[in-house]
Amino acid sequence: MQAKLLQGKELSQKIQEEIAIKVQELKAKGGRAPHLAAVLVGNDGASETYVSHKVKACERVGFKSTLLRYSDTISEGELLAVVDELNENDDIDGFIVQLPLPKHIDMAKVIEQISPKKDVDGFHPINFGRMAANMPAYVPATPDGIIEILKRYKIETRGTHVVVVGRSQIVGTPVSILLSRAAYPGDATVTLCHRHTKDLADYTRQADILVVATGIPGMIKGDMVKKGVVVIDVGITRVADTSKQSGFTLKGDVDFDEVAPKASYITPVPGGVGPMTIASLLKNTYLASQKAIYRN
Ligand code: NDP
């Protein structure tokens, strides 16, 4: 058996085309383009890349975007004031504060300061709680992208055993909540594993659907999965590679060469979950512009 690739890149392009059409329709009716703002603190290379992808994606679908850059010497109080201004600015539908933040800034405090109505990253506890309660909410972009992949490839989740490896607040935990909800995709029995899980392979071998988000390149080997498993590899780690002009290659958390021959479906890295994250952020911003989650 050779797994079918879950082509997140193609799917993301399709979703972006769908959003672009909606934006054209909005503008044709005299409406204004959705507007996303991104706050970038410091000069972290990966964060710069992520934010520039998000800004470019906004341009592609016809959104307005604003990038606000601050030095990593910005104080917590000053950053909270920036968030307040964005909360109050009626021209901005949604905004994100790119993580990680410098150590002297309390990330949780900044996230809590963001108005849930403009929290298109879905990190605010109110959105997290609404998501868990199966109420309309901004769902964090990466988990939402995973749900969208399962939906668009019509992968059955009801009654399956989903094993999620990694329990971060932005990936593993929300994925586990979403797939255990009474919904589609959902209705699964979910096991959430982390670094204290004893004999991880015992669990991963039971998975009908395996979601891995640890940041440990290649940790899931061929003998850790059963035949026919659906594999969602969230990990993206830069691994040194002198044969590449960039000096690195991107590796997932799953040993693709060993696992793909046993799987029924698998996401490639890159080109799987990563591009879906952008599509979901755009989707959330569009929803914010239409006040689709919160009425006022
Ligand atoms: P975090 O570092 O926040 O979380 C990693 C999780 O993995 C933790 O819950 C940790 O457990 C768990 N873990 C670590 N080692 C083991 C182990 N040996 N066995 C089982 N579990 C383990 O990472 P993120 O969730 O933020 O990101 C994970 C990966 O996904 C990274 O490569 C990141 O770059 C990528 N990512 C990709 C995105 C995309 O768009 N495709 C978006 C976001 C992230 P514990 O809680 O016990 O410490």
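Indexing begins at 1, ligand by ligand and atom by atom, following the structure's order. Residue numbers run from 1 in the order of the sequence given.
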Who pairs with Asp90 by salt bridge (Lys or Arg N to Asp or Glu O under 4.0 Å), at least two apart in sequence or on another chain? none

Are Val225 and Leu210 packed together at the side-chain level, in the sense that at least one heavy-atom pair is separated by less than 4.5 angstrom? yes

Can you list, by chain and residue number, the hydrophobic cluster partners of Leu67 when the side-chain cut-off is 4.5 Å? Leu40, Val51, Val55

Can you confirm whether the side chains of His35 and Ser289 place a donor and an acceptor under 3.5 Å from each other? no

The answer, listing residues by chain and number that come under 4.0 Å of ligand 1 through any heavy atom, is Thr142, Val165, Gly166, Arg167, Ser168, Ile170, Val171, His194, Arg195, Ala213, Thr214, Gly215, Ile216, Met219, Val234, Gly235, Ile236, Thr237, Val273, Gly274, Thr277

I need the full list of salt bridge (Lys or Arg N to Asp or Glu O under 4.0 Å) pairs touching residues 100-124, with sequence neighbours left out, sorted by first then second residue. Glu76-Lys109

Would you say the side-chain atoms of Thr267 and Asp233 include a donor-acceptor pair closer than 3.5 Å? no

